[in-house]
2 protein chains.
Amino acid sequence: MSKTTAADLIDRLERAGIRPSAQRVAIAGYVLATSEHPSADEVWQRVKTDFPMVSRATVYNTLQLFTEHGLLRQLVLAEGCVVFDPHVAPHHHFVDDVTGRIEDIPWSALRVGKVDQLEGVDVREYMVVVRGRRTRG
Amino acid sequence: MSKTTAADLIDRLERAGIRPSAQRVAIAGYVLATSEHPSADEVWQRVKTDFPMVSRATVYNTLQLFTEHGLLRQLVLAEGCVVFDPHVAPHHHFVDDVTGRIEDIPWSALRVGKVDQLEGVDVREYMVVVRGRRTRG
DNA sequence: TGCTCTATTTAGACTATGTCTAAATATCGG
DNA sequence: CCGATATTTAGACATAGTCTAAATAGAGCA
């Protein structure tokens, strides 16, 4: 595994326009290299093992900062955070960036190909999640 | 708007194999008819306006029951429940039903069509979310 | 009807996770 | 080194979900 050095991390933060403090470098060292898709609290737990006195607020603020500067993406995929839909047949979803409102998109309105060619997975279901703005009511 | 009667709701619950109590009918009256994609607490707040003494535990248990009997789906799309991904280029995601682990799927591994034909939306991003099981490591 | 067994509901304690604030600390430019 | 600004901190607070033991309601039956 290629180990990312502190100097590399500092460089990445600076190129993103972020001042590299010790806490930020420690957080970056984990979250910019992981493939685990951690929640904010998981990042906090993990970073604390190397950097025990970092506060929760710093981790949350830093993750927000990294996201604003394009180093991270936030995915609305945290397990256990669900919403209920009485429309049980397969369909896709549109999430309005402005209002947060979730709307159904009929299955036939989009076409998804090559799902059957995915290797090593037994697919139970899939859907497209589209995000953006409404241009009319 | 076609009003769903209590008799209709009772009938749906019974056909799904659920004994229809007053609380369950009240919860069904809202959640099986809405297009709002509410969270569990939102369902509780809403149902309480008509049925003030319903407890939170009942609403949570009932939503779980409805889901198990196929009347509802749970969507992992609740706003504010995020996970972080340092892979900022567009890609899709696979969620393992067994472990909950989220894995990246390369953009090129799937094909999504007709997104540009969606009416009334200005698309910022989209992704496919695939759920299922791994068949090998 | 009244009894008993089971299913359902309840209040509220508990936990986990995210937000906010005011104070303390660190860093930068001069 | 100094003052101004940026950053971090502890911990209170808020919100949402889980759990439990006790109370209530309903079904089947004598």
Side-chain angles (χ1 to χ4, degrees), chain A residues 6 9-10 13-14 16-31 36-69 71-72 74-84 100 102, chain B residues 6 9-10 13-14 16-31 36-69 71-72 74-84 100 102:
Chain A
L9 290 169
I10 290 169
L13 296 186
E14 283 176 342
I18 295 171
R19 177 146 24 141
S21 70
Q23 287 87 340
R24 288 173 179 175
V25 172
I27 294 165
Y30 168 58
V31 82
E36 289 173 2
H37 301 83
S39 68
D41 245 54
E42 284 165 355
V43 174
W44 184 44
Q45 297 301 333
R46 180 63 182 269
V47 170
K48 273 198 298 189
T49 66
D50 295 331
F51 202 116
M53 293 311 293
V54 74
S55 78
R56 175 148 48 186
T58 296
V59 172
Y60 279 72
N61 290 339
T62 300
L63 292 172
Q64 192 60 42
L65 187 73
F66 286 3
T67 302
E68 286 162 4
H69 286 74
L71 296 175
L72 290 176
Q74 297 188 356
L75 304 179
V76 181
L77 279 177
E79 281 311 294
C81 291
V82 299
V83 120
F84 294 89
I102 300 169
Chain B
L9 291 169
I10 290 169
L13 296 186
E14 283 176 343
I18 296 171
R19 174 137 38 131
S21 69
Q23 287 87 342
R24 289 172 178 174
V25 172
I27 294 165
Y30 168 58
V31 81
E36 288 173 3
H37 301 83
S39 67
D41 245 54
E42 283 166 355
V43 174
W44 183 43
Q45 296 301 334
R46 180 64 182 270
V47 171
K48 274 198 298 187
T49 66
D50 295 331
F51 202 116
M53 292 311 292
V54 75
S55 79
R56 173 141 62 176
T58 296
V59 172
Y60 279 72
N61 290 340
T62 300
L63 292 172
Q64 193 60 41
L65 187 73
F66 286 3
T67 301
E68 285 162 4
H69 286 75
L71 296 175
L72 290 177
Q74 296 188 356
L75 304 179
V76 181
L77 279 176
E79 281 312 295
C81 290
V82 299
V83 119
F84 294 89
I102 300 169

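Here is how names work: the chains are called A, B, and so on, in the same order as the sequence lines, proteins then strands, and each is numbered from 1.
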Side-chain heavy-atom pair Y60(B), V43(B) within 4.5 angstrom cut-off: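 The answer is no; the side chains never approach within 4.5 Å.
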For a 4.5 angstrom cut-off between non-hydrogen side-chain atoms, does L13(B) reach F66(B)?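 They are in side-chain contact.
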If you check every side-chain atom of [X], which of [options] has the closest atom?
{"X": "R24(B)", "options": "dT9(C), dA10(D), dT17(C)", "answer": "dT9(C)"}
{"X": "V54(B)", "options": "dT10(C), dT19(C), dT9(C)", "answer": "dT10(C)"}
{"X": "R19(A)", "options": "dA6(D), dA27(D), dT8(D)", "answer": "dA6(D)"}
{"X": "A40(A)", "options": "dA11(C), dT9(C), dG18(C)", "answer": "dG18(C)"}
{"X": "R56(A)", "options": "dT17(C), dT20(D), dG17(D)", "answer": "dT17(C)"}
{"X": "S21(B)", "options": "dT20(D), dT8(C), dA10(D)", "answer": "dT8(C)"}

Taking T62(A)'s backbone N and O only, do any of them form a donor-acceptor pair with R24(A)'s side chain (distance below 3.5 Å, no angle check)?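 It does not hold such a pair.
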Spacing between [X] atom [atom1] and [N] atom [atom2], to the nearest angstrom:
{"X": "W44(A)", "N": "dA16(C)", "atom1": "CH2", "atom2": "P", "result": "12 Å"}
{"X": "H69(B)", "N": "dA7(C)", "atom1": "NE2", "atom2": "C1'", "result": "13 Å"}
{"X": "E42(A)", "N": "dG18(C)", "atom1": "CD", "atom2": "C1'", "result": "14 Å"}
{"X": "Q23(B)", "N": "dA23(D)", "atom1": "CD", "atom2": "P", "result": "18 Å"}
{"X": "N61(B)", "N": "dT24(D)", "atom1": "CG", "atom2": "P", "result": "19 Å"}
{"X": "D41(A)", "N": "dT15(C)", "atom1": "CG", "atom2": "P", "result": "16 Å"}
{"X": "Q45(B)", "N": "dG17(D)", "atom1": "CD", "atom2": "P", "result": "11 Å"}
{"X": "L63(B)", "N": "dT8(C)", "atom1": "CG", "atom2": "C1'", "result": "15 Å"}

Measuring from I27(B):CD1 to L71(B):CG, what's the distance to the nearest 0.5 Å?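 Nearest 0.5 Å value for the CD1-CG distance: 12.5 Å.
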For A57(B) and G80(B), find the nucleotide of DNA chain C closest to each by heavy atoms; which residue's nucleotide sits nearer the 5' end?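 This one resolves to A57(B).
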Would you kindly say whether Y30(B) and E36(B) are connected by a side-chain donor-acceptor distance under 3.5 Å?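 A donor-acceptor contact under 3.5 Å links the two side chains.
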Report yes if a side-chain nitrogen or oxygen of S55(A) is closer than 4.0 Å to either non-bridging phosphate oxygen (OP1 or OP2) of dT9(D); otherwise report no.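 For dT9(D), OP1/OP2 do have a side-chain N/O of S55(A) under 4.0 Å.
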Q64(A) side chain N/O closer than 4.0 Å to the phosphate oxygens (OP1, OP2) of dT19(C)?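 Result: no.
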